[in-house]
Amino acid sequence: MQPEVEITKRADGNFKATVGTGDGTHHYAREGLVSLAECLQDAASVLGDEFSYATVIYDRLRIGSYPVAVMEHRAFELADELMVKLSNRRAEGRAAPI
């Protein structure tokens, strides 16, 4: 089963990252992260080499599956990509919550 990284924006500069197994069980959570990129890096460090890919969920919207290595080493670029995808989905009216 592919792990899920769920990221929630609490306020500007305040995010929560949760890592789970995809069945609703959370195995790790950390609050107070300052950016989406920091959440991605934090989650990648938890997933380590055990998993190649993880599904990313942002504010209850399933965005897609991404390589854990990209989450760790290209977090800023991936964060920008996620925001573009989210914006496009919202503009198209397809952003249904999970």
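On a predicted model such as this, the values are computed, not experimentally measured, just so you know.
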Any heavy-atom pair between the side chains of [Y] and [X] that's under 4.5 Å?
X	Y	answer
Val19	His27	no
Glu77	Asp80	no
Tyr58	Leu36	yes

- Same apolar cluster (I L V M F W Y, side chains within < 4.5 Å links), Ile7/Met83: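 Looking at the clustering, Met83 is in the same group as Ile7.
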
Nearest 0.5 angstrom please: [X] [atom1] to [Y] [atom2], how far?
X	Y	atom1	atom2	answer
Lys85	Ile63	NZ	CD1	8.0 Å
Met71	Gln41	CE	CD	10.0 Å
Glu72	Leu78	CD	CG	12.5 Å
Thr8	Glu31	OG1	CD	8.5 Å
Asp42	Lys16	CG	NZ	12.5 Å
Asp59	Lys9	CG	NZ	8.0 Å

Where do [X] and [Y] come nearest, in terms of heavy atoms and distance?
X	Y	result
Phe51	Pro3	CD2-CD, 3.4 Å
Ala43	Val5	CB-CG1, 3.6 Å
Ala79	Ala37	CB-N, 4.0 Å
Leu33	Cys39	CD1-SG, 3.6 Å

- Task: For Tyr53, look at atom OH and say whether over 12 heavy atoms of other residues, nucleotides or ligands are found less than 6.0 Å away.
- Result: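 At most 12 heavy atoms, drawn from other residues, nucleotides or ligands, come within 6.0 Å of this atom.
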
